Amino acid sequence: MKLQHTLGGLEGLDPVQPELRVFVEPWEERIFGIHTAMMALSPHLNLPQTSSTFRTVWTWADLRKGAEAMNPFDYFKYRYYEKWLGGISGYCVTNGYITQAELDARADEYLADPAKPLPSGGTPEIDDRIHKYLMDGDSPWHQWADKPRFTLGDTVRVADPPTVEHTRLPGYLRNKVGVVETVYDDAFSYLCSTGPDGIGPAMPVYCVKFDPQHLWPGNAEPGFYIYADLFDAYVRPVQDRAAA
């Protein structure tokens, strides 16, 4: 279970202060651009082929795995795009695009001389490929002919699968009981296999309604409900406590 997914109901964390600006610092726009270019150049997407030294698969899940692998104290200390920077840097080191020593040396260069010109490069073909990715996206939707296991109004129990690298299951919902509010049409895949966590291939997705009084007995405000979109792999029959 990832600590970053278990904050619901914890006390002493102070109210959430949302940042409404998309980018707070100019460099954050560049980090978003690097991530977008890596997505477009990733070979798993059906996009026009271009010449590039980028040869490995990069998805939103890789970005999230990098963030979830951080020391929890660092995770809560760094800003949103600082986590992106850490995830992208770690991925590039792990996959041999740059060594940690080279990365450190390059960072030292720009810290010593922030006005030093940034590298230039790229081609119009790669720009077109990135533009097409931005326009077309990467849909997880799949046609699904089979009947979903659960239907509207079913009471279900949330599973408690082992999490290794990455999960999309909020920790505070594990082993909790809710009611299926919506069964979405067809099926949805995830960006990668999460191993024993259970998601990856296409499967039905449900919107499940939870009573906060059940999630946090005696410690929740009345008069509201929590809704969570959950993959089929995260949902069990309510009586299936042993298999949860």
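Here the structure is a predicted model, which means the values were calculated and not measured.
- S42 and R55 form no side-chain donor-acceptor contact under 3.5 Å, judged by distance and modelled atom types alone.
- Taking the centre and axis of the six-membered ring of Y75, the NZ or CZ atom of K83 falls inside the cone set by 45° and 6.0 Å.
- Checking side-chain atoms of E19 against main-chain N and O of R21 turns up a donor-acceptor pair under 3.5 Å.
- Side-chain contact between S189 and H142 is present, with at least one heavy-atom pair separated by less than 4.5 Å.
- Side chain of H214 to backbone of K176: no donor-acceptor contact under 3.5 angstrom is found.
- Summarising the geometry, atom CG belonging to L41 is positioned 9.0 Å from atom CG belonging to L47; distances are rounded to the nearest 0.5 Å.
- When all heavy atoms are compared, the tightest approach of P43 to T56 is CD-O, 3.2 Å.
- Inter-residue side-chain proximity for W27 and Y81 is flagged as met; some heavy-atom pair is nearer than 4.5 Å.
- Heavy-atom minimum distance, R149 versus P237: NH1-CD, 4.3 Å.
- R157 places no side-chain N or O within 3.5 Å of a backbone atom of V235 that could act as its donor or acceptor partner.
- Between V183 and V180 the shortest heavy-atom distance is CG2-CG1, 3.8 Å.
- Residues Y206 and F150 place their aromatic rings such that the two centres sit under 6.0 Å apart.
- Looking at heavy atoms from C-beta onward, R129 lies in side-chain contact with Q49 at the 4.5 angstrom threshold.
- Below 30°, between 30° and 60°, or above 60°: for Y97 and Y91 the angle between ring planes is below 30°, a parallel geometry.
- In terms of heavy atoms, T99 sits closest to V93 at C-CG2, 4.3 Å.
- Remark: D128 CG is packed, more than 12 non-hydrogen atoms of other residues, nucleotides or ligands lying under 6.0 Å away.
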Take E28 and R79 through the test salt bridge (charged side-chain N to carboxylate O under 4.0 Å, His left out) and record every step on the way to the result.
-> CA-CA 10 Å; E28 296 176 346; R79 294 173 48 79; 3.3 Å; yes

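- Proximity of Y234 to T167: side-chain heavy atoms (C-beta onward) are separated by under 4.5 Å at one or more points.
- T182 and Y227 form no side-chain donor-acceptor contact under 3.5 Å, judged by distance and modelled atom types alone.
- Judged purely by atom type and a 3.5 angstrom limit, T194 uses its side chain to pair as donor or acceptor with the backbone of I199.
- Taking the six-membered ring where the residue is Trp, the centroids of W216 and Y172 are separated by under 6.0 Å.
- At least one donor-acceptor pair closer than 3.5 Å links the side chain of R174 to the backbone N or O of P161.
- Atom NE2 of H44 sits in a crowded spot, with more than 12 heavy atoms from other residues, nucleotides or ligands closer than 6.0 Å.
- Here the side chain of D154 pairs a donor or acceptor atom with the backbone of T151 at under 3.5 angstrom.
- Atom CZ of R106 is separated from atom CG of L103 by 9.0 Å, given to the nearest 0.5 angstrom.
- Taking the six-membered ring for Trp and the full ring otherwise, H166 and Y190 have centroids separated by under 6.0 Å.
- Side chains of V158 and N175 form no contact here, defined as non-hydrogen atoms less than 4.5 Å apart.
- Here CZ of F231 is found 8.5 Å from CZ of R168. Values are rounded to the nearest 0.5 Å.
- For T36 (side chain) and F32 (main-chain N/O), a donor-acceptor pair under 3.5 Å exists by modelled atom type.
- In summary, the side chains of W58 and H35 do present a donor paired with an acceptor at a separation below 3.5 Å, with no hydrogens or angles considered.
- Side chain of Q213 to backbone of A220: a donor-acceptor contact under 3.5 angstrom is found.
- You'll find the side chain of V156 reaches within 4.5 Å of the side chain of V208, heavy atoms only.
- One finds the CG atom of D229 at 11.0 Å from the CD atom of E181 (value rounded to the nearest 0.5 Å).
- Exactly one residue among F23, W60, Y78 makes a ring pair (Phe, Tyr, Trp, His ring centres under 6.0 Å) with W84. That residue is W60.
- Residue V57 comes nearest to D62 through the heavy atom pair O-OD2, 3.7 Å, listed as atom of the first residue, atom of the second, then distance.
- Residues V22 and E29 fail the side-chain proximity criterion, which asks for heavy atoms closer than 4.5 Å.
- Looking at V205 and D232, their side chains never come closer than 4.5 Å, going by heavy atoms from C-beta outward.
- Of the possible polar contacts, one joining the Y110 side chain to the P117 backbone as a donor-acceptor pair under 3.5 Å is found.
- Listed here is the closest heavy atom pair of C192 and K65: SG-NZ, 4.3 Å.
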